[in-house]
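On a predicted model such as this, the values are computed, not experimentally measured, just so you know.
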Amino acid sequence: MVEQGQTSLAGQRLGAPETLGISTLEPGHKPPAMPPGRLVPIRVLLLDDSEEIFDISHRASGRVLFETVCLHLNLIEGDYFGLEFQSHHRKMVTDQVRPCLSSFTDAFMCLSHVLICLFSIRYLFALQVRQDLASGRLTCSDASASLLVSHIIQSEIGDFEETQCRQHLLNTNYIPDQMALMDKIMEFHHKHIGQTPAESDYRLLEVASRLEMYGIRLHPAKDREGTKLSLAVAHGGVLVFQGHNRINNFNWSKIRKLSFKRRRFLIKLRQNVNQDTLEFLMASRDCCKMFWKVCVEYHAFFRLFEEPRPKPKPVLFLVTFICVNLSVGEIHTSHIRTINIKGICLRPVLMIFICACLSFSEVTCALVNGHAEDCRGATPSPLISPMLNDTGAIRTDDEEDNRRKNCPTDNAYCIAKELLCTERTYLKDLELITSFQGVLDKEDCVPEALKTLLSSTYEPLHSHHTHFLQELEERLSLWEGPCSTEVKGEMQRIGDLLLKSAQELKLQMISECVFALERACVASRRLECVCREFELQKVCYIPLNVFLLSPLHRLLHYRQILDRLCKHYPPTHTDYSDCRAALDDVCELEAALRPGLEQIENYQKLLELQKDLIGVEHLAVAGRQLIRLGCLSKLSGKGLQQRMFFLFNDVLLYSTRGITSANQFTVHRQLPLHGMTIRESEDEWGVPHSFTLMVQQQSLVVAACSESEMEKWMEDLKMAVDMAEECNGLTADLLSASKDVKSSGASEVVESEDDLCGSRTSLPRNGNNSGNTLNRGNTTAHVCWHRNTSVSMLDFSIAIENKLSGNLLRKFKNSNGWQKLWVVFTNFTLFFYKTHEDEYPLASLPLLGYSVTHAGESENIHKDHVFKLHFKSHIYYFRTESEYFFERWMTVIRSATVSASRTRYLNRTEPD
């Protein structure tokens, strides 16, 4: 008998309140009573390597010991943990108490650290990760191991101090071969200054949960050919490893039955033509049975949302009766009320009735005071099996989707979740800028002033939004997690976080960064090549300058989020005052930056077009504004030919897309707008949707693809002609910069078609780019060329405010299942990722030219919140998780698929 010492409990470390130690996952259950009998001392090794001795009756089950340990630790969520009986041969979950050493461990590693609401539970999970690291069970790369250890020592010794940190690592061994990684560990530890122990535990679990071996316990086995393998079970199903490399994964939805026979472990799959049963040979029957039990427990814990009903039990009824009514299913006696037994034909004889196929709930189970009591309302029996057999409750993918975790559905939560999803994408964009700064730091051609400007502007933003995202993730996890009502009421708000963030935003130098980078690129050919090479990487999925302007775009989205929250909350709501104050701060900052934002957006588009065009220099000059770009068909002697038009406030350019390695458009002609007239000419030429441009006694007949396109072009052309009166001198500069481009005042009235054909296959002789320079082939100009459509600067302005990120389920027209993807909408394009943590998109879908509609009943899509994207024969279906996100995705996608008329846009806020 050993007295209990003064040990530090998991809950005491973080100030957890005292509890009864009862799992909240089983409300109403009480700890099992201690059975009578002599007391046996049991030593339990806790996760912090301390030992405690508990006196337990020798007749008690392991459950009594486990509940006693939970009570000792003030542990609430006990279902995450368990006891292991340790021996030299194997480990097994304690069932009957034995007077020897037992180990308290994590029975189920949580899928995500953010789902764990109580700090004390996170602390215990962190201790389990430490044990797995020290034992080598949690294998990972050196960088990940160093990062994990740095969070551990931040929790243990606090902020970084080189001498103390080095001495601590020399005295304490957290991972094998720790000495070789000491410098790396100290480098990471230096970055964690200011983190509390609770925050360090949170970061430790955040990193560990992404590792492939997180929560994995390997069980040695062999396949039919005798190859040495290892089996493991996780939240998603059964895994197969060869060494520490996962080679197969059997999802629960694909498993029909799990069983074992002696040393053979069997997995029966669903609808697998090649092989419906997989067989693995384990060391012994006991090992096989133990792994089967682990699979049962994991399936019950992670997959079952309710206790399954027990199997029907055979019941023997000895009933003496005289049948009065011969109708099927009715029995009458003087002592028994009418009982319905389906499917049995009764005869008017004295008989012994044996019910071997019906359960208590289907017949009757008791005779009380001369009548039968129905047992259907009785309390169901405790969970006794995972129901993995043929008649069990295995869920398909669709059933799993229907039984997803019930998250809050109110608009405030959905708005907060939208903020979280878009913040993750925004932080990824800031990380890309940080990596771009790293590339520039290695180049000698970059001016030091530019390096200093970028570093002082974006590094504070990256640090600020990293911390903001961490707070937002924790707030959302508490919002949707199984916390108490008091905690939920305090945490179901984000106005305070947005108010704090808005007050710390410094965005005044964003525009200057774009200007300074462009000036440096003009001065240095080497720097221009470095920027273009970086822009062609997969991770840079949109133009680099758009990334640099993303903080200004993010400010507009904050304003939208806060505006929706203020409209949703009543003035008496606890979060309303913070949201209103944050909205006022954001609107004030936006008003100060709005003129500069419009100017820099136009400048960025001009820079993008300058890279797309051959034959034009100095396009991005002060005073020039882009109005519209897109495709029109030019009428010539050979008929209608597709051309790409670029309308500015002083000149109209048109070009064709040559077959060159540079992915650029070759400009063939430019028309000054001063004195230009526009008239419809469909009746004159017999070409639908055509109109004529007259300038300097020359004419150009063009046709749009539709009437709406023609109206938008004519509207913008007339507005541009009016603006040209205020832009004298700009056209002359553009004309002098391009020697190969013909002006409307030249002797040639109509360009030579032979020259145009030759330009498609030859590299440019003059212009802003050489023929060997690669350019982005997915810019807006290229998409308009392929989709035969147009985009105005007004559409670009609307698109800036309509960015969205989140999970969507995608389905093709002829496919059966739905694929879950992380989707980012920006720059008129959907970018698809597997998860939000991916570095670059798997694919993209430009939406210009597409139509978005609701999925009709005739399309056999029997799901809620489904919208359809279609362009010609291309059809895609997308599902959202709620009505709110369905409306949001429809809104932002319509902004890309429906080009705005300038008149409709200017009048959209006017009263009817």
Side-chain angles (χ1 to χ4, degrees), residues 47-49 113 122-123 125-214 216 243-245 427-428 430-444 446 448 451-452 454-456 458-467 469-470 534 539 837 839:
L47 288 171
D48 58 357
D49 293 330
H113 61 289
R122 288 182 186 168
Y123 173 60
F125 270 77
L127 291 178
Q128 183 68 61
V129 171
R130 290 176 56 173
Q131 284 190 3
D132 293 346
L133 275 175
S135 64
R137 183 183 294 163
L138 181 57
T139 58
C140 57
S141 64
D142 291 345
S144 298
S146 302
L147 181 58
L148 290 170
V149 175
S150 68
H151 285 298
I152 293 175
I153 60 178
Q154 174 70 22
S155 176
E156 291 294 326
I157 66 175
D159 289 342
F160 175 78
E161 198 281 318
E162 184 174 359
T163 304
Q164 181 187 15
C165 180
R166 187 177 299 275
Q167 188 64 35
H168 181 78
L169 290 174
L170 291 174
N171 296 335
T172 310
N173 192 33
Y174 291 106
I175 54 175
D177 301 328
Q178 180 173 288
M179 296 299 297
L181 301 176
M182 183 175 295
D183 293 338
K184 192 69 174 177
I185 295 172
M186 295 175 64
E187 178 184 349
F188 280 124
H189 186 201
H190 183 68
K191 300 178 181 179
H192 304 330
I193 294 178
Q195 284 188 6
T196 64
E199 291 174 339
S200 298
D201 291 343
Y202 183 88
R203 299 300 157 209
L204 174 68
L205 294 177
E206 182 181 34
V207 177
S209 62
R210 299 175 183 173
L211 301 177
E212 187 175 42
M213 298 299 294
Y214 171 71
I216 297 298
H244 286 91
N245 298 321
L427 187 60
K428 280 286 184 182
L430 292 179
E431 290 173 356
L432 182 134
I433 299 175
T434 303
S435 63
F436 175 64
Q437 292 177 239
V439 173
L440 296 184
D441 291 340
K442 300 176 183 178
E443 299 292 335
D444 297 333
V446 183
E448 289 297 328
K451 293 181 181 179
T452 303
L454 293 176
S455 176
S456 61
Y458 290 100
E459 286 185 3
L461 283 175
H462 181 265
S463 176
H464 168 72
H465 286 280
T466 299
H467 184 65
L469 179 60
Q470 293 173 357
F534 183 84
V539 68
E837 298 174 350
E839 295 296 329

Next item on the list: For residues E156 and R130, determine if any side-chain heavy atom of one lies less than 4.5 Å from a side-chain heavy atom of the other.
Entry: yes
Check: Under a 4.5 Å cut-off applied to non-hydrogen side-chain atoms, are L461 and I433 in contact?
Finding: no
Notebook entry, point to check: Taking C-beta and beyond as the side chain, do Q178 and I175 meet within less than 4.5 Å on heavy atoms?
Noted result: yes
Item checked: Student check: side-chain heavy atoms of M179 and M182 closer than 4.5 Å -> yes
Item checked: Donor-acceptor contact present, side-chain S455 to main-chain K451, <3.5 Å -> no
Notebook entry, point to check: When rounded to the nearest 0.5 angstrom, what distance separates CG in D183 from CZ in R166?
Noted result: 5.5 Å
Next item on the list: Mind checking the OG1-CG spacing from T196 to D159? Nearest 0.5 Å is all I need.
Entry: 10.0 Å
Next item on the list: Measure across S200 and Q195 and return the closest heavy-atom pair with its distance rounded to 0.1 Å.
Entry: OG-OE1, 3.3 Å
Check: Is the closest side-chain heavy-atom distance between M213 and R137 below 4.5 Å?
Finding: no
Item checked: Shortest non-hydrogen contact between Y214 and A208, atoms and distance -> CB-O, 3.1 Å
Notebook entry, point to check: When you look at CG of N171, are more than 12 heavy atoms from neighbouring residues, nucleotides or ligands closer to it than 6.0 Å?
Noted result: yes
Next item on the list: To the nearest 0.5 angstrom, please state how far the CD1 atom of I185 sits from the CD1 atom of I152.
Entry: 9.0 Å
Notebook entry, point to check: So do H465 and L430 actually touch side chain to side chain, heavy atoms under 4.5 Å?
Noted result: yes
Next item on the list: In sequence, state the C-alpha distance, the side-chain angles, and the governing distance for Q470 and R203, and then conclude on side-chain contact (heavy atoms from CB on, under 4.5 Å).
Entry: CA-CA 9 Å; Q470 293 173 357; R203 299 300 157 209; 2.6 Å; yes
Next item on the list: Report the residues that fulfil salt bridge (charged side-chain N to carboxylate O under 4.0 Å, His left out) with E839, sequence neighbours left out, ordered by chain and then residue number.
Entry: K428
Notebook entry, point to check: In Å and rounded to the nearest 0.5 Å, what is the CG to OG distance from L211 to S144?
Noted result: 5.5 Å
Margin query: Apply side-chain contact (heavy atoms from CB on, under 4.5 Å) to residues V149 and L181 and explain how you reach the verdict.
Written below: CA-CA 10 Å; V149 175; L181 301 176; over 6 Å; no
Check: Is there a side-chain contact between C140 and L148, using heavy atoms and a 4.5 Å cut-off?
Finding: yes
Check: Under 3.5 Å, side chain of E161 to main-chain N/O of Q164, donor-acceptor pair present?
Finding: yes
Check: Is a donor on one side and an acceptor on the other found under 3.5 Å between the side chain of T466 and the backbone of H462?
Finding: yes
Notebook entry, point to check: Distance from Y174 atom OH to S150 atom OG, nearest 0.5 Å?
Noted result: 11.5 Å
Check: Could you state the interatomic distance from OG1 (T172) to CD (Q167), rounded to the nearest 0.5 Å?
Finding: 9.5 Å
Margin query: Are D201 and F125 packed together at the side-chain level, in the sense that at least one heavy-atom pair is separated by less than 4.5 angstrom?
Written below: no
Check: Can Q128 and D132 be counted as having a side-chain donor-acceptor contact under 3.5 angstrom?
Finding: yes
Notebook entry, point to check: Does any pair with a residue in residues 145-164 pass ring pair (Phe, Tyr, Trp, His ring centres under 6.0 Å), and if so which ones, sequence neighbours excluded?
Noted result: H151-H192, F160-H189, F160-H190
Note to self: Which heavy atom of I153 sits nearest to which heavy atom of C165, and what is that distance?
What the structure shows: CD1-SG, 3.7 Å
